[in-house]
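Each remark here refers to the structure printed beneath this line.
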Amino acid sequence: MHMPRWRVARPERLLAFLLAVVVIGAGYMIVRSRMRVRAVFATGATTLDEQEIIRLSGIALGDRLDSVKAETVSEALKQNGYLCLTDVEVRVTGNVYLRVRERAPRAVVNHLGLVFVVDEEDVLLEKGYVNSYPDLPVVTGLIVDDFKVGQPLYCQSSEQQQAMALMLSELVLQRVQGSISELNVGHLDNLFMVSRTGMIVRLGNADQMMNKMAWARASLEELVAKGLFKGTLDVSSGDHAVYTPPTGGTQGGETDTGSAHGGVRAA
C-alpha cells in the first residue's frame, strides 16, 4: 500500500503566490478608483419619479465608482421620508442600480400644532400643519421630543413608542386600519383604540397584541353586523372579547364574544 506523499511548498513559491495576490488586488483597486459612474438607475418606486430618486441619492455621472456607498445613499434618500433604500449594485461597466421601496402612511401624530405622518415602523414620512390623510388613525397620548424626516420619532417614552409601532403593525397585518380612528398610548397598561363608529376597544398592555387585534377585528365585524356601533369592547385578555353597551343604551349588561369558536352571546 502506497502512502500519499505530501509536498511542502517552498518558501519562495509561497512568497511569489502571496505577492501575486497583492499585486492583483492592488491593480484592481487602482482600476476601480479610476472607474467612473456612467449611468444611474432606480427601481422599486411606485409613485415617485426615478429622476427625483437619482437626484436625491447624490450620485452624479462622472463620480468615482468606489465612492458609491450604500450607507451614504441611504442617508441621502431619507430627505424624502417615503423612500427606503433596499440595495445598491455597482457594476464595473459604470452602471449603478438603486433598489428602493416606498413607505406607506399608516397613522398621524399631532404635536404642538404640527402633523406628523408615520409608517408602522414609526418613521416620519412628512410633517406639516394640515392633516392630508383624514382616513388614517390619529395617535394620541404620545409625547414627541424631537423629529427628523426619514427617521423614527424621538419620543419621551420609548415604551410608548414601541407600543404604538406594535399596534400599527398589527393593524396593518390584520387589515383593521381603515376601521380605527384613534390609537391612544397615554398609559402603557391601558392602551386603547376608538373605531370610526365610536366603539372603544380596550387592549390593556402591549402583550399578546396579535391575539388582541385578531379578537378586535372579528368582534367589531360581528357587532357591526348586529347593529351595535358604540360602547366598549374589551379584548385585553387576549383570548376573548367582552362588549359593554354605552351607558343609557337599550341593551343591558355585557356581551361576551366567547371563545375562538363561539359567537356573540349575552352574559
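As the structure is a prediction and not an experimental result, all values here were calculated from the model.
Between the side chain of Gln177 and the backbone N or O of Arg106, at least one donor-acceptor pair lies under 3.5 Å. A donor-acceptor pair is defined here as one N or O able to donate and one able to accept, closer than 3.5 Å; such a pair exists between the side chain of Glu102 and the backbone of Thr47. A donor-acceptor pair under 3.5 Å is formed between the side chain of Arg196 and the backbone N or O of Ile180.
Atom CE in Met209 sits 10.5 Å away from atom CD in Gln174 (nearest 0.5 Å). A distance of 4.5 Å separates CG in Leu98 from CD1 in Ile59, rounded to the nearest 0.5 Å. To the nearest 0.5 angstrom, Asn110 atom CG is 9.5 Å from Thr140 atom OG1. Of the inter-residue distances, the one linking Ser57 atom OG with Gln79 atom CD reads 9.5 Å to the nearest 0.5 angstrom. Taking CG from Asp122 and CD from Gln162, the interatomic distance works out to 10.0 Å, rounded to the nearest 0.5 Å. Atoms NZ and CG, from Lys127 and Leu153 in turn, are 12.0 Å apart once rounded to the nearest 0.5 Å.
Across all their heavy atoms, Cys84 and Arg103 have their closest contact at SG-NH2, 3.7 Å. Taking each heavy atom of Gly58 and Asp63 in turn, the nearest pair found is O-OD2, 4.0 Å. Summarising the geometry of Leu56 relative to Ala76, their closest heavy-atom pair is O-CB, 3.3 Å, with the distance given to 0.1 Å. The nearest pair of heavy atoms linking Ile143 to Gln160 is N-OE1, 4.2 Å. Here the shortest heavy-atom pairing between Ser219 and Ala241 reads OG-CB, 3.4 Å. A pairwise comparison of heavy atoms in Ala42 and Ile53 identifies CB-CG2, 3.8 Å as the closest pair.
Taken together through direct or relayed side-chain contacts under 4.5 Å among Ile, Leu, Val, Met, Phe, Trp and Tyr, Leu168 and Val144 form part of one hydrophobic cluster. No path of Ile, Leu, Val, Met, Phe, Trp and Tyr side chains, each step under 4.5 Å between heavy atoms, connects Leu171 with Val194, placing them in separate hydrophobic clusters. Clustering ILVMFWY residues whenever any of their side-chain heavy atoms sit less than 4.5 angstrom apart, transitively, puts Val37 in the very cluster that holds Leu77. Both Leu48 and Val88 belong to a single network of hydrophobic side chains, linked directly or stepwise wherever heavy atoms of I, L, V, M, F, W or Y lie under 4.5 Å apart. Hydrophobic clustering of Ile, Leu, Val, Met, Phe, Trp and Tyr side chains at less than 4.5 Å, counting indirect connections, unites Met35 with Leu61.
Grouping Ile, Leu, Val, Met, Phe, Trp and Tyr residues whose side-chain heavy atoms lie under 4.5 Å apart, directly or via other members, places Phe229 in a hydrophobic cluster with Val224.
Looking at Pro152 and Gln161, their side chains come closer than 4.5 Å, going by heavy atoms from C-beta outward. For the pair Ser132 and Glu126, the minimum side-chain heavy-atom distance is below 4.5 Å. Side-chain contact between His187 and Phe192 is absent, with no heavy-atom pair separated by less than 4.5 Å. Under the 4.5 Å side-chain criterion, counting only non-hydrogen atoms from C-beta, Glu182 is not in contact with Met193. Residues Tyr97 and Thr43 are not in side-chain contact: their nearest non-hydrogen atoms beyond the backbone lie 4.5 Å or more apart. The shortest side-chain heavy-atom distance between Leu203 and Val235 falls under the 4.5 Å cut-off. You'll find the side chain of Val96 reaches within 4.5 Å of the side chain of Leu65, heavy atoms only. Within the 4.5 Å cutoff, no side-chain heavy atoms of Lys78 are placed close to those of Val149.
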Report task. Under the side-chain contact (heavy atoms from CB on, under 4.5 Å) rule, what do Asp119 and Leu125 come out as? Steps first, then yes or no, please. Result -> CA-CA 7 Å; Asp119 71 350; Leu125 307 184; 4.3 Å; yes

Query raised in the report: Would Glu75 and Gln151 count as a side-chain contact (heavy atoms from CB on, under 4.5 Å) if you check the C-alpha gap in whole Å, the side-chain angles of each, and the deciding distance to 0.1 Å?
Result: CA-CA 10 Å; Glu75 285 300 316; Gln151 302 281 1; 3.9 Å; yes

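Around CZ of Arg38, the count of heavy atoms belonging to other residues, nucleotides or ligands within 6.0 Å does not exceed 12.
Using cut-offs of 30° and 60° for the angle between ring planes, the Phe116 and Phe147 rings count as tilted.
Partners of Arg99 according to the side-chain hydrogen bond (donor to acceptor under 3.5 Å, both in side chains) rule, which considers only residues two or more places apart in sequence or in another chain, are Asp87, Glu89. Among residues two or more places apart in sequence or in another chain, the ring pair (Phe, Tyr, Trp, His ring centres under 6.0 Å) test is passed with Tyr133 by none.
The only option from Asp239, Asp207, Asn205 that meets the side chain to side chain donor-acceptor pair (under 3.5 Å) definition with Lys212 turns out to be Asn205.
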